[in-house]
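See structure below.
Predicted, not measured: the structure shown is a model, and the values here were computed from it. In what follows, every chain begins at residue 1, and chains take the letters A, B, ... in the order their sequences are listed.
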Amino acid sequence: MFEPVRGKPDFPANELAILAFWRDALIYRKSLEQRAGEERFVFFEGPPTANGMPHPGHCLTRTIKDLYPRYQTMRGRLCERKGGWDTHGLPVEVEVCKALGIHSKAQIEEYGVEPFIHRCQESVWRYMKEWESLTERIGFWIDLSEAYVTYHKAYVESVWWALADLFDRGLLYRGHKIVWWWAQGGTALSSGEVGQGYKEVADPSVFVAFPLLDDAGKPTNRCLVAWTTTPWTLPANQFAAVKADLPYAVIRETTAEGAFVDGAPEFVVAAALAASLPEKLKKTFATVATIAGRDLVGRSYLPPFDTYRPEGMPRESPLVGGGRSPAAWRIVAADFVTTDSGTGIVHVAPAFGEVDYGVLMAEQPRFESGGPALLNCVAPDGTFTDEFPMGSGRFVKECDRDITRDLKARGLLVHQEQFVHDYPFCWRADSDPLIQYPRASWFIRTSQFRDAMLANNARIDWLPEHIKAGRFGNFLETNVDWALSRERYWGTPLPIWVCESTGRAEAVPSFAAVLAKPGVAGTEVFDRAKAANPDLSDDLRVHKPYIDAVTYDSPFAPGSRMRRVTEVIDCWFDSGAMPFAQWGWPHTGREDFATQFPAHFISEAIDQTRGWFYSQLAISTLLFGGDGPGTLPEGVVAPAADYPHPFRACIVLGLMLGEDGQKMSKSKRNYKEPGVIFDAYGADALRWYFLAGQPPWTTIRYSERTIRESVPEFLIRLWNVYSFFVIYANIDGFDPGTLLDEPGCLDHADLAKARGWRPVSKRSELDRWMLAELSATAAGVVEKMDAFDHFAAAGMISALVDGVSNWFVRRSRDRFWGAGRADSPQGNLDKLDAYWTLYETLLGVARLAAPFVPFVTETIWRNLAVGRFGDKVAESIHLTDYPRGEPGLLDADLVRRMTLVREVASLGRAARASAKLKVRQPLSKVEVILADASPDDAAWLAAHADLVCDELNVKQFEICREPDRYITRSILPDLKKLGPRLGKLLPQARDALTKADAQTLLAAFARDGRVELSLPGGTATVDRDDVLIRTTPREGWAAAEGPRAVVVVAAGLTPELVAEGLAREVVHAVQTARKGLDLEFTDTIALAFETASAELNSALEQHRDSIAGETLAATLTFGAGPAGATAETIDVDGHPLTIHILPLGRQGERA
RNA sequence: GCGCGCGUAGCUCAGCUGGUUAGAGCGCUACCCUGAUAAGGUAGAGGUCCCAAGUUCGAAUCUUGGCGCGCGCACCA
């Protein structure tokens, strides 16, 4: 006996039981052990952070990340799945700050870096439990016990090795960078943070005159007009930029009569904007001259403030290669100048703008001895320094008004207005405007590797493909050096120590390397902390503040000490280093890294394009591409430099939105917690919804309704088939366990050894069809899954389940109900065949679907296989091999023809429906006209008349001999074939073919195989293969038309047919009544009919035996029913009938 | 502003290299079947395939330009 199956499945409860089984029986571990020594399928887990709650988006990634390793394991490969946790970074610090009720760096320092770091380390695991339970509940098999953790000492040291290697190769350097600076908080903000803080504000917009100087250095009456919305940057002005190929106009105010106003200055602005300034000023101007931008370049001007221009300061510096030039307050050419707004002349303050800084960087190499220095009169706290006395000690933005007033007083303010634009503010303190500000920073020379990264990218199998050349490729094209350092606390410390007297630096590859330095000191700081608090994690040895205390003797200056720089690094470098750092490589884990690099497969959402996808690719390309790493410990070998690495294929998942199509947000409550879905529908339902609902890269709208609706279509249907099988196998005593001694893997070849198993070639056509479909689907699914196309694979599996349910089982019902038991070779062989076929199919479907819906398939396997064979078979479906299809069972002809029958049956039902003839009513005949079937297929169909008759409840089925009675034919050109050949003649040919008499044309095709069409534009030869024949039913028949056939049913009814219809109607009524009485399938009844209708009475008499048989009526009488019977009066097609039923109890065997 | 993606039925989405009547599931309506039964089947209603121009014998599909939405960039990696 199989374990009886509930008709109404409780998937969630079922799944909990399966989870317990997996846990207790160590199935995941066994699935790996079983593949020991096999070829590997390498998977990298992109580390999530347990600092936040997991949400539905993580369910999607975890489903996909589980699917392929599970699949590949079943395909025979060894796929270890090492978990990982991303633990560093600003978000952790922010969480801790929130808990502490502080938020500036000063407050952190005040609280103490040491306790702060301790809090960070604890915070990292805050939602650990939720993450672990989600991971288990959704069926994501991954080894969390051995997970890598980015703050662990071994991990940090691995990252240190990478950084030291880059440093030694000159790829890690210190430079300046203009950042968005939160002055009040004393920190730069990351991209996400700045993006969140944009607000629309009105800033002052000022047009300022920069008087040009004559050769003697005296101001002239001619002024550049520059435009800025940040007046506070004017004291740090160093250049004015124009565009070389733009014309500039010199304009001067005129009186109403058109004469120049006495003493009015001449303004230089872009010619394209020469009209806008007079408009703003509401004055009239006339053009004095036009100058090309390039002719302005090199001229000197008087800066708006003399902050950096004290009397006697040399204004010229020596140029590289001879000559001299003013080093500042000079006009330069720049491409970023536009005429979209402003004046076409850009005020350049390199300290306070990224493009401005770029101008300075371009200028400096022109000069001897470094060229112009960066001028910065603002302190890190956002206040002016004493260099600019007017604003000294005040926040820069607050000085805008005074600066404008001062310019006006000195006659330099040409115009002032308000300008409304988006400007970033601090996301945590939204009244604090951010400013662009120069900070010293450490960079990695990624831009030098741009071409290598592009070459590497070109070899990656991106899904969807457009990521390669699109989002990711574009991003690589515009690569700039990676700003690595962060002036924060909780992160991997930058392993660079600097000589306190010479400023020379070196990088160390490990903590041991630090300890090995001469005169090392400061390690006792951690030791003391550990002594005071024995629970202190040793991992913190390599973190701030302890590592900062470690110093050693400088190799650069005797007597000096080496001290670590204060920065930590961008946490994206941590996660990007995981391919090797998860093993602690190269210090440890050499074997693991050698066998598990690169990954065959990774998958994350599209937001990782610039995150993990990039950081992995960049780090891997820099370290392992080309000549490979510069330094490796003795005996350690670098991986091959062949691209792609570190991953070969990457599924980029779409963004997940909430129920309302908006971004998921806890506060909006626009999504259901994963736990709610698991409890109501189960993990399989959620997984199937993700995998089969849409291609993975589409933006997905996560809604409970869609998940709920996706359950019946696949899971319930599969369950129904399974439940059907178990019910009848138990009734019939079909038990493979007693028929098969050596079950092996329960593959086709194994089943062949069973007693009572007949070769498929000997079984009924339906069985051959089912197993052919199974094999074809298996082959197709494998092909799709190997190409990472699970969406297509899921569609095939779904179609297969539909075929089992709605064709095989439905067509086989009579076989399962047939007489004779199926428990031995001596029984009903056809019934036995049906069981073996359904058994094999169910096992096959379950195994195909196992990576997708691992729970329900495990349930099926546990009952159908393990329950019968015990430990002779794999204890879990996930320990079996993935079906690839039996080539010997494939039968493309049969599959095609069965599709044709199903189509004909479907059309027949449609034809009945159109004539309002219900299927209960038998009809005399159905005829089919095939539009375009081969003679073999037509003959095959004719031979399957029984099948069609049964499906359609008709007495006779035939291929129509006189099709012209029912249909008309028209000839249609096959455009795909004729189009390329005929080109412009096509419309004429189409008209000719459509208008011509179809019979004549068909006759011509039959005779010659082709026809010649004389068309106005020439002659066209059309072969029989170039046309399609379309058949259309004539009016007046109960007919339905499909692409390949027309089906006509005979609507005429004879008295016999009507009587039979009535009888079936009554059977239906009795069955409904049985159901109402809650009778078992096998309960017998005493039945009596009472009717005033002679016609109905006669019909019931005629079909008395079949009615009794179908309804399990032990007695069938007419008149009043037996005592105690229920009575129900109904209307049967206009005839009154009272039905009396008395349950008699269980019958030993079914009829 | 720039880049990428998307726009197809009431909803969620397929639709490969251009081809004849644009599909599926769900929902709705009607009918059917029912010894899998809180399942199953058939049909109907519902579409200017976002708009416009172009290429072509032929465009949902290719090109260009708009419009709308999302994401990314604009700090930065």
Side-chain angles (χ1 to χ4, degrees), chain A residues 5 7-8 177-181 188-195 197-198 338 340 354 422 424 434 436 444 446 464 466-467 469-475 478-484 570 572 606-607 609-611 614-615 618 654-655 657 661 663 693-695 697-701 703 705-706 708-710 712-713 716-717 719-725 727-728 791 795 798 805-806 809-810 813 816-817 906 908-910 912-914 916 918-920 972-980 982-990 1028 1030 1040 1043 1068 1071-1072 1074-1075 1080-1082 1110 1112 1150:
Chain A
V5 174
K8 183 195 171 193
K177 186 170 88 150
I178 307 295
V179 296
W180 276 114
W181 182 251
L189 280 122
S190 73
S191 63
E193 295 168 312
V194 175
Y198 274 89
T338 66
D340 293 344
E354 197 185 8
D422 289 333
L434 304 179
Q436 293 205 13
I444 298 175
T446 51
H466 62 72
I467 298 286
R471 195 173 278 239
F472 197 70
N474 288 340
F475 172 57
T478 59
N479 184 266
V480 298
D481 284 351
W482 184 341
L484 182 73
D570 181 4
W572 285 115
I606 192 163
D607 55 4
T609 311
R610 287 160 174 77
Y614 172 74
S615 64
L655 199 82
L657 304 175
K663 207 170 176 164
Q694 58 279 308
W697 44 79
T698 43
T699 305
I700 175 169
R701 196 122 137 213
S703 88
R705 191 176 62 88
T706 323
R708 184 186 344 110
E709 286 171 355
S710 74
E713 196 196 327
I716 301 269
R717 197 178 278 173
W719 188 268
N720 278 340
V721 175
Y722 162 61
S723 142
F724 176 93
F725 171 82
I727 288 171
Y728 288 102
F791 175 64
S798 191
S805 172
N806 287 325
V809 170
R810 199 153 60 80
R813 277 178 180 161
F816 291 109
W817 304 330
S906 164
R909 277 189 290 264
R912 293 187 73 116
S914 72
K916 300 215 183 308
K918 49 191 171 188
V919 182
R920 269 199 296 271
L972 294 174
D974 187 339
L975 297 176
K976 219 164 181 172
K977 286 181 183 153
L978 282 174
L982 299 184
K984 293 193 189 224
L985 274 178
L986 191 68
Q988 296 176 13
R990 175 167 50 194
L1028 305 168
R1030 181 162 163 214
H1068 169 57
Q1071 303 291 27
T1072 309
R1074 283 184 61 114
K1075 199 166 146 194
E1080 290 294 321
F1081 305 157
T1082 50
E1110 295 220 21
L1112 287 191
R1150 288 181 309 132

C1' atom, B/G23 versus B/A14: distance in rounded Å?
7 Å
Is there a donor and acceptor pair closer than 3.5 Å between the side chain of A/S805 and the base of B/A36?
yes
Report yes or no: does A/S723 contribute a side-chain atom to a donor-acceptor pair with the main-chain N or O of A/V5 at less than 3.5 Å?
no
Contact letters for nucleotides 14-25 of chain B, in which S counts primed atoms plus P, OP1 and OP2 and B counts the base, heavy atoms under 4.0 Å:
S----BBB---S
Just N and O in the side chain of A/N474: are any of them under 4.0 Å from OP1 or OP2 of B/C73?
no
Paired nucleotide for B/C16 [Watson-Crick or G-U wobble; both distances under 3.5 Å]:
none
Distance, C1' atom - from B/G72 to B/A24, rounded to whole angstrom:
32 Å
Tell which nucleotide pairs with B/C4, taking only Watson-Crick or G-U wobble pairs whose two distances are both under 3.5 angstrom.
B/G70
Does B/A36 have OP1 or OP2 under 4.0 Å away from a side-chain N or O of A/Y728?
yes
Rounding to a whole Å, what distance do you find between A/W482:CH2 and B/C76:P?
15 Å
B/A22 - base-pair partner by Watson-Crick or wobble geometry, distances under 3.5 Å:
none
Verdict with reasoning, A/W482 to A/Y614, per side-chain contact (heavy atoms from CB on, under 4.5 Å):
CA-CA 11 Å; A/W482 184 341; A/Y614 172 74; 4.1 Å; yes
Consider the side chain of A/H466, meaning its heavy atoms from C-beta on, and name the nucleotide among B/G5, B/C75, B/A36 that approaches it most closely.
B/G5
Closest-nucleotide ordering on RNA chain B, the 5'-leading residue of A/Q436 and A/F724
A/F724
Using side chain to side chain donor-acceptor pair (under 3.5 Å) as the criterion, list what pairs up with A/N806, not counting sequence neighbours.
A/D802
Could you check A/N479 against A/H1068 and say which one's nearest nucleotide on RNA chain B is further toward the 5' end?
A/H1068
C1'-based separation of B/U63 from B/A59 [nearest Å]:
11 Å
Touch class at under 4.0 angstrom, heavy-atom based, for A/R610 against every strand present
sugar-phosphate
According to side chain to side chain donor-acceptor pair (under 3.5 Å), who are the partners of A/H1068, at least two apart in sequence or on a separate chain?
A/R920
Using the C1' atoms only, state how far B/C11 lies from B/G5, rounded to an integer number of Å.
22 Å
Sequence neighbours excluded, the answer for side-chain contact (heavy atoms from CB on, under 4.5 Å) partners of A/S805 is A/R717, A/V721
Base, sugar-phosphate alone, or nothing: which one does A/I467 contact when heavy atoms must sit under 4.0 Å apart?
nothing
Shortest non-hydrogen separation from A/T609 to A/F475 and the atoms involved
O-CE2, 4.3 Å
Between B/U64 and B/G25, how many Å separate the two P atoms, rounded to a whole number?
36 Å
Roughly how far apart, to the nearest Å, are B/U48 and B/A60 at atom C1'?
12 Å
In Watson-Crick or G-U wobble terms, with both distances under 3.5 Å, the base opposite B/U55 is none
Partner nucleotide, any strand, of B/G46 [Watson-Crick/G-U, under 3.5 Å]:
none
Complement of B/C31, any strand, by Watson-Crick or G-U distances under 3.5 angstrom:
B/G41
Quick one: list whatever passes salt bridge (charged side-chain N to carboxylate O under 4.0 Å, His left out) with A/R810, sequence neighbours left out.
A/E951
Please enumerate all residues that pass ring pair (Phe, Tyr, Trp, His ring centres under 6.0 Å) together with A/F724, with sequence neighbours excluded.
A/Y728, A/F816
